[in-house]
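Since the structure comes first, as structure tokens, the remarks are kept for the end.
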2 protein chains.
Amino acid sequence: MSTAHGARARARIEVTAAIKDEARRQLAAQGAARLSLRAVARELGMVSSALYRYFPSRDDLLTALIIDAYDSLGENAEAAHEATASPFERWITVCEAVRGWALDHPHEYALIYGSPVPGYTAPDATVPAAARVGLLLIGIARDAHQGAALDRPAPADDLRPEAERMAADLAPDLPPEVVTALVAAWAQLYGLVGFELFGQFNRVVEDRETFFRHAVGQLARGVGLVPGPR
Amino acid sequence: MSTAHGARARARIEVTAAIKDEARRQLAAQGAARLSLRAVARELGMVSSALYRYFPSRDDLLTALIIDAYDSLGENAEAAHEATASPFERWITVCEAVRGWALDHPHEYALIYGSPVPGYTAPDATVPAAARVGLLLIGIARDAHQGAALDRPAPADDLRPEAERMAADLAPDLPPEVVTALVAAWAQLYGLVGFELFGQFNRVVEDRETFFRHAVGQLARGVGLVPGPR
DNA sequence: ACAAAAACGAGAGCAGTGCTCTTGCCCGGG
DNA sequence: CCCGGGCAAGAGCACTGCTCTCGTTTTTGT
């Protein structure tokens, strides 16, 4: 049991945390592909085989780090979210929080949103953590909608069935065309952050903050959010 | 000299091509991180050290594959480009060609647009190949502009200096606000493709083709392209 | 045409990796 | 008290990228 009381149990969660901390250090320093179980064990003064008592494989360690990264990003975005006022401004703030976290934790961002590492496929355990930012954006749109401050985008006939299906799954209280616009904006936000982070904007975009703010403003308009009070 | 006439020189380019072919096979099958120099050499019936006469390191092999991938993607997009008529339709077609190529070559797409592999940083040699798709999109906007079929997006005051700088670098004949919208759309296209490819749309978007077509249509409108003749 | 030079393939070897298996120790619950 | 299970340690396997040396073959310069 992980909730046992013994000193052994406490030692176990301490060692587990120490392993994750050291692994996160190496991840931040060199990236996921250079994260080495043996190096983690070496740094912690233990032998590599001992580490397998805590994480059955390298992929399991990476999975733990992925979930932590999603949570860290989500917390960061949620914290930024509470501060400001109008939905439009909150949208911008959340997007900028995502970008800021990505620039501060490039390797962790690459781990969760970049191309999947070696033969690794993320297990279902990561799904709830991964959804946090998306739910935040949906919540902003919902607030604007309830405050009647949403300029609903024009519906498209051919997208209609899919839009209704997505809305039923994600946000039944929002107009379907807003839901599809939200999902698209979410992916496009990831594109903007990824291009900057992975160097595709080198020698192209110079004033990245201004460019980003403007681009995510357009994203907000695409889902129907307009600058203004309330 | 690499342009010498001898049988030796011809053999060299043949062996080089064979290495790249086998490497591309392994890349497509297992991804970049599992591409092994020794396995390539083994499959080709040569000893691993001999391979270093052709590529001084694993990263150099990867660089060659990256350039080839950019060119393959670029050719694919350019081929699709010539077929259709109006700029708006050409925009859609090029975007769908990019998506189609990505779905057909997921590991190659991840190699060029995903998170950079291990400690790898792309050398300058890849820049021209990487720019092909971007130039294509710029060309479409240029055609529409010259045909007076561009609804210029509203300029933004705070982005003005950066927009003018970017326009001077990339497309001096286009209005600055169109250039920034183009760059943003380019990054957002990458976001849409990446999210689908890397599984972020699982259990969210079902009818991917329709969703994608609609989203890139919105992207086109964002740069001022409107559906219509000519 | 002949010798010097460059290119090449093969093999051994180094340092590193993930992971498994066996051997003992030592702590905690019966 | 004692003995079973969790634990660390070590050896070992099958890999990896990369280097160096050693003959052999081909190209090149005189």
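These numbers were taken from a predicted model, which means no experiment stands behind them. These numbers come from the heavy atoms of this one structure, side chains and all, not from hydrogens, waters or symmetry mates. Chain identifiers are assigned alphabetically (A, B, ...) following the order of the sequence lines, protein sequences preceding nucleic acid strands; residue numbering begins at 1 within each chain.
Atom CZ of A:Phe55 is separated from atom C1' of C:dC19 by 16 Å (rounded to the nearest Å). Nucleotide C:dT17 holds its C1' atom 14 Å from the CD atom of A:Gln30, rounded to whole Å.
Residues passing the side chain to side chain donor-acceptor pair (under 3.5 Å) test with A:Glu96, sequence neighbours excluded: A:Arg213. Residues forming a salt bridge (charged side-chain N to carboxylate O under 4.0 Å, His left out) with A:Asp21 (at least two apart in sequence, or on another chain): A:Arg24. For the ring-ring contact (aromatic ring centres under 6.0 Å, His included) test, no residue two or more places apart in sequence or in another chain qualifies with A:His214. With sequence neighbours left out, B:Glu75 forms a salt bridge (charged side-chain N to carboxylate O under 4.0 Å, His left out) with no residue at all. Annotation: side chain to side chain donor-acceptor pair (under 3.5 Å) contacts of A:Arg25 (sequence neighbours excluded): A:Glu22.
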At under 4.0 Å between heavy atoms, how does the protein contact nucleotides 5-18 of chain D? Give one character per nucleotide, 5' to 3', with B, S or -. --BBBB-B---BBB
